[in-house]
Protein chains: 2
Amino acid sequence: MTKRIYIFSPSSAIRDKAVVRRGAARLKALGHEVELDEAVFAIHMRFAGDDATRLAAIHRAAASGADVALITRGGYGLTRLLPGIKYKAVAKAVHGGMRFVGLSDFTAFQNAVLAKTGAVTWSGPALGEDFGVEGEPDEIMQACFEDLVDGRGEGTGWQLPKPEAQAKPVNIKGVLWGGNLAIVSALAGTPWLPQVKGGILFLEDVHEHPYRVERMLTQLLYAGVLGKQKAIVLGHFTNYKPVPHDKGYRLQTVVDWLRTQVKAPVFTGLPFGHVPTKVALPVGAKVHLAVEGRDAFLVWGHLH
Amino acid sequence: MTKRIYIFSPSSAIRDKAVVRRGAARLKALGHEVELDEAVFAIHMRFAGDDATRLAAIHRAAASGADVALITRGGYGLTRLLPGIKYKAVAKAVHGGMRFVGLSDFTAFQNAVLAKTGAVTWSGPALGEDFGVEGEPDEIMQACFEDLVDGRGEGTGWQLPKPEAQAKPVNIKGVLWGGNLAIVSALAGTPWLPQVKGGILFLEDVHEHPYRVERMLTQLLYAGVLGKQKAIVLGHFTNYKPVPHDKGYRLQTVVDWLRTQVKAPVFTGLPFGHVPTKVALPVGAKVHLAVEGRDAFLVWGHLH
């Protein structure tokens, strides 16, 4: 079914318009109406326009009546905007059926919306990096996005690494939230960190050395966030540079350490992050995490 | 006067023992007794020994009765130790006259000690990077350290950049605190962030792009920390890599933005950070910040 997809740029500036145009053409080829926000290509230093421009773009997206509001890209810029976002207008759009979709820097928007209104937004692809690629977009990403756009998606699944296989089935219910670790940890101590108790926290990051990942997790641990979750689910942590100084310290070291710090189970391998194969996840929705052997499922049933 | 200096490694592992030995030799040449902690060269992956080893080193330093407890280096590792530090023992040592000295990752220790006990520690050099250099250590660093060791130092001064020259004298009194921005912001939302009202917050960092500096400042802003300070004093932010995407966005952009976000004055140019010329600053001490024209002074009178 044809859906209206509104494309906007709340964070970093687009440097290659062709990427956005290619992504928009792909969504049109899938049968959707695609509308580019008037400031989608705006540039103010590293930002997609100054703060007022990007705030206006967010609010135009919320007022657009589209089925989906999809970011062009992440980068950096949303954290600056948090005090200026009209959260009620965003929540109204969500309750009217709009799905906000994005990741990375967009995590700030998603968690702030959750903290202020409880409204559900979607961690998923960005137009440029996911649909604007030369060659074919990732099939799983595209299928998950299509399910999301059509309102058909009711869950997702993946295979856990062998050592995480569960002898007995695991069943956990809680609010799914999180996203980019750098952004979530940067919200600690602020009014925009959702106060989720008994939740399922998912995290990913890019360009962050494992020691930085650990330091950020430490902040969430000491801030009392990790201890309140029923499960922690790690996506991909990519594109960091190991250094000789590590001497055996690696991402797995951090995961092992994390498991000594929290009672909740820590699962890895969630197909999400700065990788082509990414699922779509409802931030703020009540979900059911089920694990049988190495098979993990996040199920949210029908939303809207 | 001969003082006892105790050298310990609470954070990253020493990779070149010669650097530490050269630094220790320099301090001895200045007339001091220098004692190396038994675990000063311990190695556990990237750390100077595992957590228990590094905690024991901190507590041996506190129990050593030395005049000064000086770190070999920063790096990463102290954040992990915060729940295990015996803060009362550290405060007891400080009240007995011991000066803990270090920077960078050591910021976590210093601010946690301040938060938990109010005891004053010193932001200053590290043995390796400052005294272990080939060639002569920086003269100003050395003079400030000697003042600190002798308990003679009663303040420090520097020249502000031209645009910050004050037409009228500025006089601000408050508790000086802060250190490395990445560490201070990583304490937001945790029990180890000092709750300083009406303070003078100083910050520096290394290897952090201005957008990351801004994001960290944003966290302190939204956490209500910056709004409670009477002044913000920025040291050096060094060794980051500008990228073409910045398009005019630079550290000064961040400073300019910061000034629009806080009422307190923001001064720059403090000779502190990951630079050879660094002064010594009492974290947690009541200080007097005086500015006349381009001349800035931080005065703490006699401590101990």
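Naming: A, B, ... by sequence-line order, numbering from 1 per chain.
- The candidate from Arg212(B), Gln261(B), Arg46(B) with the greatest count of non-hydrogen atom pairs under 4.5 Å with chain A is Arg46(B).
- Of the listed residues (Pro83(B), Ser185(B), Gly75(B)), the greatest number of heavy-atom pairs within a distance under 4.5 Å of chain A belongs to Pro83(B).
- No side-chain heavy atom of Lys247(B) sits under 4.5 Å from any side-chain heavy atom of Ile43(A).
- Contacts of Arg215(B) with chain A are made by both backbone and side-chain atoms, with heavy-atom separations under 4.5 Å.
- Residue-environment remark: CZ (Arg250(A)) stays at or below the threshold of 12 foreign heavy atoms within 6.0 Å.
- Judged purely by atom type and a 3.5 angstrom limit, Glu214(B) has no side-chain atom pairing as donor or acceptor with the backbone of Gly77(A).
- When all heavy atoms of His245(A) and Ser12(B) are compared, the pair lying nearest together is NE2-OG, 3.4 Å.
- Here the side chain of Gln219(B) pairs no donor or acceptor atom with the backbone of Thr190(A) at under 3.5 angstrom.
- When heavy atoms are compared at a cutoff of 4.5 Å, Val225(B) does not approach chain A at all.
- Formation of a donor-acceptor pair under 3.5 Å by the Tyr222(B) side chain with backbone atoms of Thr79(A) is found in this model.
- No other option in Leu82(A), Thr218(A), Asp246(A) has as many heavy-atom pairs under 4.5 Å with chain B as Asp246(A).
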Under the side chain to side chain contact (heavy atoms under 4.5 Å, CB included) rule, what do Arg80(A) and Trp257(B) come out as? Steps first, then yes or no, please. CA-CA 10 Å; Arg80(A) 292 169 62 114; Trp257(B) 165 84; 3.6 Å; yes
